[in-house]
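Shown next, in structure tokens, is the structure this report addresses.
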There are 2 protein chains.
Amino acid sequence: MDTTQRTDQQRAADRRRRELLEAADRVVLRDGPQASMNAIAAEAGITKPILYRHFGDKGGLYAALATRHTDALLASLRAALDAPAERRERVEATLDTYLAAIEARPQVYRFLMHPAEGGQAGDQGFDVGKHSAPLLRRMGEELAQVIEERVDLGPGSQQLARVWGHGIVGMMHAAGDWWLGERPCSRAELVRSLADLLWGRLAAAGDKVGGPGF
Amino acid sequence: MDTTQRTDQQRAADRRRRELLEAADRVVLRDGPQASMNAIAAEAGITKPILYRHFGDKGGLYAALATRHTDALLASLRAALDAPAERRERVEATLDTYLAAIEARPQVYRFLMHPAEGGQAGDQGFDVGKHSAPLLRRMGEELAQVIEERVDLGPGSQQLARVWGHGIVGMMHAAGDWWLGERPCSRAELVRSLADLLWGRLAAAGDKVGGPGF
DNA sequence: ACGTGCATGTTACTAGCGGTAACGCGAGTC
DNA sequence: GACTCGCGTTACCGCTAGTAACATGCACGT
């Protein structure tokens, strides 16, 4: 077993892995995150143990699957965030990019946000805080980094940036989730409303007549 | 079967139902949301079919369980939201109430936010948008209502209030989730940072030297 | 006193899941 | 030819949600 052959084998394995991931992708897109390992194996034209040899367990497969989509989405978000424009324009572009992505492929979105379903074995450790979708955490951290790098927040800026990063991402996520379910307005309107919120319109607005105001 | 007896039976059934819910509560608090129906039945000192007679299926039991906690949390949030104080103080009080609740009982929190785990049968309908925790939706709607009632937002205020309601709740949720996992700062600091974000400090901050700024 | 409902409870089962052990098989190596 | 080794299979385990069928006790009408 010289080096070239080992490389060949590894390449073949990698290609196989990619094929399996694509098959899993199709099934997850069709059946949702509850897609069974049997179904995925059948779609790939093989049987379960092969999946387990490649990915360890269901979590491993789903993690590999999620990493793909997460990377792709994060890349486009970074692009929107780094575009040469004013701050507000960038915020709106980033919001719109995210919302367009979840609008275009809601099944992928649902999978990314709730990948940890099923699983009746183990999980007894059950650390609070680890259950949230990794995508949200990654987006929050990335946004925090961008804020910390570019916005002058004075002392304690790093911590503030992280709070804001996760907070803004959560705002975007929750509003997007709600919007996707009810479609109460156009995407552009949603983007504007959220940007207005971030721009302090809540603080600037006056009380309504008759009460002390929220 | 006259009316009084029917009432008696119903009362007995209701008491039983409450007992079962309390047993389920104990198990969920101990084992997390993956608690099996068998475990819950054992904790209640009975067997599975009784649970199914009372709650239909696992989702029914979990919904009943969630409604209890959700109602309790919503009540305290409403109290904070309706306190006689300035708007910013109220926002901070509400944020703090929520964060204190999830800090005090993280298991309950985790259950409320991710009640839809397990479950390998059915669920094929799989409507996007319904998967989010009902608690988040309810909080979003309630907050939207309060905003719409009390803040003067001009035309289109209803829609704007709903977007903001869900957005702010999502911000609070995501930041809280992250904070609970990493504990990077005190609760009071987190509350202040989030309130600052809502008060437009992002828009007001200047760019950092050397770049166009986020 | 005697059946008749009815609610409550049980045991025993199905179907499907994630995951694994044990084996078959073909290709390259000595 | 024997030997290893990676790919693939069948057949299984233990678990789950959910259900059918049977047993029991209590209040009723006659």
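It should be emphasised that the depicted structure is a prediction, and the values quoted were computed from it without experimental measurement. Chain naming here is simple, since letters A, B, ... match the order of the sequence lines and numbering starts at 1 in each.
Atom-to-atom, CD of Gln34(A) to P of dA17(D) comes out at 15 Å; the value is rounded to the nearest Å. Computed from coordinates, the Lys48(A) NZ to dG16(C) C1' distance equals 10 Å when rounded to whole Å. Look at CD1 on Ile40(A): it is 12 Å from C1' on dG18(C), rounded to the nearest Å. Rounding to whole angstrom units, CG of residue Asp57(B) and P of dA17(D) are separated by 11 Å. Taking atom NZ of Lys58(B) as the reference point, atom P of dA17(D) lies 4 Å away to the nearest angstrom. Taking atom CG of Leu51(B) as the reference point, atom P of dG9(C) lies 11 Å away to the nearest angstrom. Rounded to whole Å, atom C1' of dC7(D) lies 12 Å from atom CG of Leu20(A). Distance CD1 (Ile50(A)) to C1' (dG18(C)): 17 Å, rounded to an integer number of Å.
Each of Arg53(A) and Ser36(A) lies near DNA chain C, and the nucleotide nearest Ser36(A) is the one positioned closer to the 5' end.
Between the side chain of Glu189(A) and the backbone N or O of Ser186(A) there is at least one donor-acceptor pair closer than 3.5 Å. Although no hydrogens or angles enter the test, the distance criterion places no donor-acceptor pair under 3.5 Å between the side chain of Arg26(B) and the main chain of Leu21(B). Checked by atom type and distance alone, the side chain of Arg90(B) pairs as donor or acceptor with a backbone atom of Ala85(B) at under 3.5 Å.
In this structure, Thr47(A) does not reach the dG8(D) phosphate: none of its side-chain N or O atoms is under 4.0 Å from OP1 or OP2.
The aromatic rings of Tyr62(A) and Phe111(A) sit perpendicular, their planes meeting at an angle over 60°, well past the 30° parallel limit.
Looking at the side chain of Met37(A), the nearest of the listed nucleotides dT10(C), dG18(C), dG9(C) is dG18(C).
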